[in-house]
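A short write-up of the structure that comes next.
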Amino acid sequence: MSKLADWLKTPGVLAAAPASVFLLVGFAGPLLMVLGYSFMPPRTFALNNVPTLENYYSVFSDSYYISFLWSLFLAALTVILLFPICYPIAYGMAKLFGKWANLVTALIAVPLLISENIRLFGWVLVLLKNGILDGTLQSVLGISASGFLYTVPSILLGLVYVYLPFMLFPMVIGISMIPDPLKEAAFDLGASRWQVFREIELPLAMPGILIGAILTFILAMGSLAESKILGGQAVVMIADDIESAFTFAQNWPKGSVLSVLLIALSGLIVFVLFRRIDLDQIIGRR
Amino acid sequence: MGESNNSFLELVGITKKFGDFTAVSEIDLAIKEGEFFTLVGPSGSGKTTMIRMLVGMDQPTSGDMRLNGELLNGVPANKRPTCMVFQSLALFPHKSVGENIEFSLKIAGMDPALRRTRANELLQQLRLPLDYYSKGVNQCSGGERQRIALARALAFDPKILFFDEPLSALDYRLRKTLEKELKDIHRETGKTFVYITHSLEEAMVMSDRIGIMRDGRIVQVGTPNEIYNHPRDKFVAQFMGEVNTIDVDDAGRNKVRSKADGAVYAVHKKPDGFKAGHLIIRPEIMKIGSVAAKLPNKLQGVVFNDYALGSRVQYQVRAAGGVHWLVERLQDEPFDGKLNDTVYLGWRPEDSILVKD
């Protein structure tokens with residue numbers, strides 16, 4: 001027992017204690033409660049009932065898979081669209097902008113200080129019928145863009161806009177970790193710009209790119225505001241269903257099942273990605 | 001082998017400016033095919049700028065660069081038939097040893113099996129075990145990494161191989177070994193090597209010819225022996241290593257006078273129009289003790305300290321005018337002096353070098 005007592009007194013354990021307690025109470029606890037509720041009978045609000053798989057049956061026999069697929073599809077598309085948008089900016093910030101990189105960082109980070117919902121409502125004003133975009137196009141070019149709000153592309157626009165920093169900043173770190181002589185050496189050995197990118201830059205920036213992609217994907221999978229504010233009734237994403245189950249339907253166990261499935265699905269995808277791609281090997285620690 | 005053996009790589013009036021700063025100024029240089037040419041200079045002398053222009057990573061502000069008579073100006077590094085071993089080596093950490101070596105062949109679209117054969121040949125040539133092919137480059141030692149970088153550059157089959165002081169980060173013994181290995185590889189391949197370093201000692205070991213750079217200019221070009229025995233000025237002489245340098249002025253026919261203590265020394269010959277300058281005498285050529293007393297140029301001083309240099313012993317002798325002389329003798333040469341003794345130092349006039357200011 002004294003071994004355990006000694007271990008508890010090591011500086012590492014002591015230093016980690018506050019964070020560990022916080023994570024247990026604020027992260028692991030609620031997760032376990034959600035897991036527990038998912039096995040409770042429908043429309044109950046206590047955790048001491050006899051566990052049942054009823055909610056899982058009902059979710060699987062219903063059409064919730066459509067919401068899951070929409071979330072998966074939109075999250076994947078967000079990541080795919082963000083890659084070509086962020087890479088040039090990240091490259092510039094890491095290698096080209098010099099002292100201006102701080103300004104660009106600030107410009108991209110400052111909107112994060114404003115609530116996501118408020119920013120999305122700003123986009124509603126832009127995309128609205130007779131709004132900023134529509135009105136400008138009508139008066140300047142005589143064409144109408146009134147049909148854009150409340151469509152899938154407008155949801156995608158919102159997702160790409162909101163999650164851009166989460167893709168961008170890890171990517172900047174990934175690219176800035178590549179020593180310039182490596183690119184010069186590849187170039188000197190006859191590689192074209194494209195070959196330098198394919199053979200050197202991309203693989204070496206991959207840890208940053210992957211972390212950004214996974215972060216963005218997970219956040220977009222669980223996103224709610226974009227589809228509700230910019231999408232209207234166009235699409236129901238899975239987070240939308242979870243919210244309805246917990247609020248309108250007052251069916252916590254069903255909401256918990258959907259949450260558990262969302263977490264499991266996201267977790268599985270991240271797990272597979274991290275298994276397949278060995279970050280240590282990519283950055284040459286092995 | 002090309003027919004124009006005298007100027008394989010020819011530089012005429014090469015100048016590089018960064019804003020107001022002139023890093024490299026009006027350099028004319030001809031490098032012969034197959035030679036091992038080393039540019040030596042202290043940091044800030046412009047040698048890195050030079051090699052970056054030679055490789056094609058920077059373009060000169062003015063001047064022409066020709067390889068085998070063809071103008072190189074404006075040709076980017078990836079279109080030049082030359083290649084460089086980087087100071088940091090710049091090995092690709094995400095690729096294996098073999099993939100690193102094969103890189104240029106893969107870029108050129110060579111068949112994977114042929115590539116592998118060539119990589120194995122190079123592993124052998126550089127005395128690396130064949131099973132290193134699939135090893136990670138970061139698992140290799142410093143010396144092995146040097147050889148991998150060299151193999152990768154040789155795989156490219158460059159017309160000229162450039163080196164940006166790749167050995168500078170290594171410990172002394174490994175550096176000495178690799179210097180010789182590099183010279184051997186030069187003989188084996190017969191390629192033109194252009195090397196830059198801040199160490200003249202390193203340059204002496206390996207080079208056929210050496211160019212000394214200072215403040216963006218080449219101050220002297222010659223074989224290691226020419227540079228050693230006939231340094232053009234005080235800078236080159238002191239760059240060679242420890243030398244005794246005395247400020248002197250003219251004291252008549254074949255004589256100079258030390259500015260420190262007024263002593264007059266005989267010299268073998270004087271540069272035309274000599275008024276004032278520096279008399280340079282190498283420590284290993286000076287004599288100490290009773291043998292020195294019989295030499296034409298001699299002085300007396302007190303032995304302040306001695307330093308063991310392996311086969312030789314070096315003495316610091318303090319003489320009139322506050323001059324600290326360095327003298328060396330071979331271990332088996334007789335000398336009966338000890339610390340604090342007053343001894344004779346001497347040298348023959350033909351063993352000293354007189355340079356103008």
Side-chain angles (χ1 to χ4, degrees), chain A residues 83 87 90-91 94-100 170-214 273-286, chain B residues 48 51-58 75-97 99-110 134-140 145 148-164 166:
Chain A
F83 178 75
Y87 198 89
Y91 189 86
K95 298 287 182 190
L96 305 175
F97 296 165
K99 58 179 178 175
W100 296 104
M171 216 182 226
V172 173
I173 294 167
I175 293 174
S176 62
M177 285 190 325
I178 308 170
D180 287 336
L182 293 190
K183 289 189 286 176
E184 288 178 341
F187 191 60
D188 187 38
L189 288 163
S192 63
R193 260 166 197 279
W194 168 250
Q195 285 168 323
V196 172
F197 172 75
R198 270 292 338 258
E199 294 283 337
I200 310 299
E201 257 178 57
L202 195 59
L204 288 174
M206 201 42 94
I209 295 171
L210 268 186
I211 287 164
I214 286 167
L273 274 179
F274 270 119
R275 282 291 301 267
R276 282 203 46 173
I277 300 162
D278 184 341
L279 292 182
D280 277 343
Q281 210 220 323
I282 288 170
I283 52 181
R285 274 211 296 260
R286 225 171 256 187
Chain B
T48 301
I51 204 146
R52 287 184 64 87
M53 288 191 287
L54 290 172
V55 176
M57 242 111 53
D58 280 334
V75 180
N78 64 342
K79 300 270 189 265
R80 290 193 186 189
T82 59
C83 187
M84 174 157 94
V85 176
F86 283 66
Q87 182 166 24
S88 63
L89 302 184
L91 295 176
F92 307 133
H94 58 303
K95 293 178 183 288
S96 72
V97 171
E99 286 168 340
N100 264 277
I101 296 174
E102 286 177 10
F103 184 80
S104 64
L105 306 174
K106 183 180 178 188
I107 291 299
M110 190 192 267
S134 47
K135 199 172 177 177
V137 285
N138 285 347
Q139 292 171 295
C140 299
R145 289 166 58 83
I148 297 162
L150 184 55
R152 185 177 70 177
L154 285 171
F156 181 76
D157 195 20
K159 289 251 182 354
I160 301 180
L161 192 46
F162 294 102
F163 297 85
D164 182 6

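All chains are named by letter (A, B, ...) in the order of the sequence lines, taking the proteins before the strands, and each is independently numbered beginning at 1.
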### Query
Is there a side-chain contact between A:Asp188 and B:Val55 (heavy atoms, below 4.5 Å)?
yes

### Task
Check whether any side-chain heavy atom of B:Arg52 lies under 4.5 Å from a side-chain heavy atom of A:Glu184, and answer yes or no.
yes

Exercise: identify the closest heavy-atom pair between [X] and [Y]:
| X | Y | answer |
| --- | --- | --- |
| B:Ala90 | A:Pro181 | CB-O, 3.5 Å |
| B:Phe156 | A:Gly190 | CE1-N, 4.2 Å |
| A:Phe187 | B:Pro76 | CZ-CB, 4.0 Å |
| B:Phe92 | A:Leu182 | CE2-O, 3.4 Å |

#### Entry: Enclosure of A:Lys95 NZ (heavy-atom neighbours >12, cutoff 6.0 Å)
yes

Under 4.5 Å from any heavy atom of chain A - which part of [X]:
| X | result |
| --- | --- |
| B:Lys95 | side chain |
| B:Met57 | side chain |
| B:Leu105 | neither |

### Summary
CZ of B:Phe103 to CD1 of A:Ile200, rounded to nearest 0.5 Å, is 4.5 Å

### Task
Output the distance between atom CD (A:Gln195) and atom CG (B:Asn78), rounded to the nearest 0.5 Å.
8.5 Å

#### Entry: A:Glu199 and B:Lys106: CA distance, side-chain angles, deciding distance, side chain to side chain contact (heavy atoms under 4.5 Å, CB included) verdict
CA-CA 10 Å; A:Glu199 294 283 337; B:Lys106 183 180 178 188; 3.0 Å; yes

